[in-house]
Amino acid sequence: MNLFADIRALVINSLEAMVAEGALPAGLEMAQVAVEPPRDAAHGDMATNAAMVLAKPSGMKPRDIAIALAAHLLADPRIESADVAGPGFLNLRLMPEVWTGVVTAILGDPDYGRSDMGAGRRVLVEYVSANPTGPLHVGHTRGAVFGDALASLLDYAGWDVTREYYINDGGAQVDVLARSVYLRYLEAHDLSVDWPEGTYPGDYLIEVGEALKAKVGDAYVDKDEQVWLQDVREFSTDAMMGLIRADLARLGVVMDSFYSEKSLYGTGLIEASIDDLRSKGLIYEGTLEPPKGKLPDDWEAREQTLFRSTAHGDDVDRPVQKHDGSWTYFAPDIAYHFDKIQRGFDELIDVLGADHGGYVKRMKAAVAALSDGRVSLDVKLTQLVKLYQNGEPFKMSKRAGTFVTLADVVEEVGADVTRFTMLTRKNDAPLDFDFSKVVEQSKDNAVFYVQYASARIHSVLRKAADQGVDLTGAPVISDASEFAVARKLAEWPRLVEIAARNNEPHRIAFYLYELASDFHALWNRGSEQHGVRFLQDGDPEATRGKIALPRAVFVVISAGLGILGVTPVEEMR
RNA sequence: GCUCGCAUAGCUCAGCUGGAUAGAGUGUCGCCCUCCGAAGGCGAAGGUCCCAGGUUCGAAUCCUGGUGCGAGCACCA
């Protein structure tokens, strides 16, 4: 059930009835008619802009439309009052039974809030996709949490979701990794080595070097690179992906698939994707203009194979082949997205770090060209995470190879706290992550505040059960603070759709905070008004009616936290 | 120089498809525990929604032009 959708349908039906009886002209576009929660609760339960939206196309005054519409709406048993206000808003107040009905509906439907908005369309969410050269760090963590929650959100809203990790195992950085592991391998043989610029001296490679020794013995000692590079490269990337999978597991992130860049080579897929573009007249040999502003010292005009990305909104055309004929990094990316399209996805979402912002236009151009505009690509950029400890910037060691890892963060504060906290900011806003703050038990900390509501609900239900109360009763609500909670619960399905439409899972986190706030207010109301307390001493039947509402709150908190990948707690520790 | 993102209360941030008197936390100042978990609640004060134009019944939101901050700008990924 979606109360806002139901009432909107009622408004539309009423408007159509007005058309039928000649009170409104035929052929009006109703898409802009909205039914929303009013900003100010004093205005009522819901408001519609129908009269204002239709005033111009119908050539009528907003108030006249609103008054006529109000008369129709009042005939519905759910509508208690309909008042014209402001420039032509129609403020609706719903009958108390409607809110009781919302609570009843939630208790009868564990999937309350799920939507079919996605209509089963297939969406691929690509996220993390960190280079397989080391463990995941904080920046990756945000991308992992965001992408995972977004994927869950879209699933909840009716999309057919695939979660995928693109392994950049085809480029030069993997050679660097292999050489670094080789040096650790030599060290494992007690040989002393130099660490040249541009290698990865991280401690996490020590055991990889030792593992390599265990596998091949001294077969690669004092041998030319061409002997061992290919094998060590494969061995190392496998080891790194093992680390990364373990990191993802710590966070509770489970991918549906890992897609290897290397697997693109030798299959003809790169060639096929470029040929596809060529057949559309979008590939040509040419020379790029030098970049404006500061000119690189070694810049010189070179003829390259270029993709005419400007035909699809990019600023300049992009090279897909270097001057020497080898592919640029962009070519396998085109091929990878070509493959996504061929696998039949209707929508693509790439979650990238903000430092990849310059890459967005060309990739959108490629997807638009390859799919002839049929497949959409939305690129979500996650901004930096700044670490703090007690309000002070958290000092990271500058020593090469050491940084704050995902594992460090999760070990320090836990996966639930990490996930929720990283979703309390919009993806494109920088995030301050204070190790002390995020585990603090105060309402300043959204994770705690929401979990506290969950714990209180369980506390009440435990006590009720101890008193022998049947926990399955129908709701009995009457106080304003109870209706406030019910109204907030009614917004849940609508909120899910808004969040999904915008690909913005942070809205779920903010909603849960608001719901928790209304719940805590209700809780305290019980201090003054014993009649609204959940536990009605010596009256099991009354308690039964009162605990229905917190049970419904928990259904929604549980669903919301589920989307964020956070487990609701039953008690605070 | 160009592109993208951001700019909202002292501070940290929300703000839906354009909607009414722009919200929350924090901080400041008042209240509220004989009572289900006070780890909480209620209230007060606090605003040039960066600036200037434009679109329209209506703009924090959309458009144009500025300002400031961040990120990125051929042959690396």
Side-chain angles (χ1 to χ4, degrees), chain A residues 31-34 36-40 42-43 47 49 52-53 55-56 61-62 85-89 91 131 168 170-174 261 287-296 298-302 304 306 314-319 321-324 326 328-330 332-333 353-361 381 383-384 424-426 428-430 432 440-446 448-449 452-453 455-456 459-460 462-464 481 494-495 497-499 501-502 504 506-507 509-510 513-514 517 520-528 530 533-537 543 546-547 550 571-572:
Chain A
Q32 292 302 307
V33 173
E36 301 175 317
R39 198 193 297 275
D40 187 341
H43 291 147
N49 62 354
M52 288 179 292
V53 171
K56 194 171 206 177
K61 291 180 185 169
F89 280 102
N91 290 329
N131 288 342
N168 286 285
Q173 78 281 359
V174 187
E261 175 193 354
T287 306
L288 288 174
E289 294 289 312
K292 304 286 187 200
K294 56 172 191 220
L295 193 63
D298 57 345
W299 194 90
E300 57 181 277
R302 283 177 181 166
Q304 298 169 312
L306 301 170
D314 201 359
D315 306 308
V316 293
D317 293 338
R318 307 290 175 176
Q321 272 182 327
K322 302 176 197 172
H323 188 61
D324 66 5
S326 62
T328 64
Y329 74 92
F330 188 36
D333 283 344
D355 54 342
H356 289 73
Y359 164 95
V360 175
K361 281 188 178 181
L381 302 175
Q383 264 292 353
L384 293 178
T424 54
R425 287 288 175 274
K426 233 172 359 187
D428 55 7
D432 291 345
E440 189 176 284
Q441 301 203 332
S442 75
K443 69 179 294 195
D444 186 25
N445 179 8
F448 161 75
Y449 194 64
Y452 185 35
R456 277 181 153 177
S459 172
V460 164
R462 273 194 305 270
K463 285 198 161 63
S481 58
R494 182 174 179 276
L495 187 280
E497 296 193 346
I498 291 170
R501 179 163 51 239
N502 294 291
E504 291 182 343
H506 75 276
R507 291 174 186 272
F510 280 93
Y513 186 88
E514 291 168 12
S517 179
H520 290 307
L522 166 60
W523 181 287
N524 256 66
R525 179 83 176 130
S527 303
E528 304 155 15
H530 284 216
R533 293 178 55 147
F534 302 128
L535 300 179
Q536 297 289 316
D537 289 344
T543 300
K546 285 296 169 193
I547 58 175
E571 56 186 345
M572 306 305 294

Rounded off to whole Å, could you give me the [atom1]-to-[atom2] distance for the [X] and [N] pair?
X        : N      : atom1 : atom2 : answer
A:Arg318 : B:rG72 : CZ    : P     : 15 Å
A:Tyr359 : B:rG5  : OH    : P     : 18 Å
A:Leu381 : B:rG72 : CG    : C1'   : 10 Å
A:Asn445 : B:rG40 : CG    : P     : 10 Å
A:Lys426 : B:rU8  : NZ    : C1'   : 10 Å
A:Met52  : B:rA20 : CE    : C1'   : 8 Å

Heteroatom pairs (N/O) under 3.5 angstrom, protein to nucleotides 58-69 of chain B:
none

With heavy atoms under 4.0 Å as the rule, sort [X] into base, sugar-phosphate or nothing.
X        : result
A:Asn502 : sugar-phosphate
A:Tyr513 : sugar-phosphate
A:Asp355 : sugar-phosphate
A:Asn131 : sugar-phosphate

Between [M] and [N], how far apart are the [atom1] atoms? Round to whole Å, please.
N      : M      : atom1 : result
B:rU56 : B:rU61 : C1'   : 14 Å
B:rC33 : B:rA9  : P     : 35 Å
B:rG68 : B:rA52 : C1'   : 15 Å
B:rC49 : B:rC57 : P     : 23 Å
B:rU17 : B:rA74 : P     : 36 Å

Query raised in the report: So, does the side chain of A:Arg494 form a donor-acceptor pair with the base of B:rC16 at under 3.5 Å?
Result: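 Checked by distance alone, the answer is yes.
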Report task. Could you verify whether a donor N or O on one side chain and an acceptor N or O on the other, from A:Ser442 and A:Asp444, lie under 3.5 Å apart? Result ->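 Distance-only check fails for A:Ser442 and A:Asp444.
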Query raised in the report: Can you say whether the rings of A:His520 and A:Tyr449 are parallel (under 30°), tilted (30 to 60°) or perpendicular (over 60°)?
Result: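 The arrangement is tilted - the two ring planes meet at 30° to 60°.
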Listed pairs, N/O of protein and of nucleotides 41-45 of chain B, under 3.5 Å:
| from | atom 1 | to | atom 2 | distance (Å) |
| --- | --- | --- | --- | --- |
| B:rG41 | OP1 | A:Tyr449 | OH | 2.4 |
| B:rG41 | OP2 | A:Lys443 | NZ | 3.1 |
| B:rG41 | O4' | A:Asn524 | OD1 | 3.4 |
| B:rG41 | O4' | A:Asn524 | ND2 | 3.2 |

Query - First of A:Phe510 and A:Ser442 reached from the 5' end of RNA chain B, by closest nucleotide - result: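 First, find each residue's nearest nucleotide; the 5'-ward one identifies A:Phe510.
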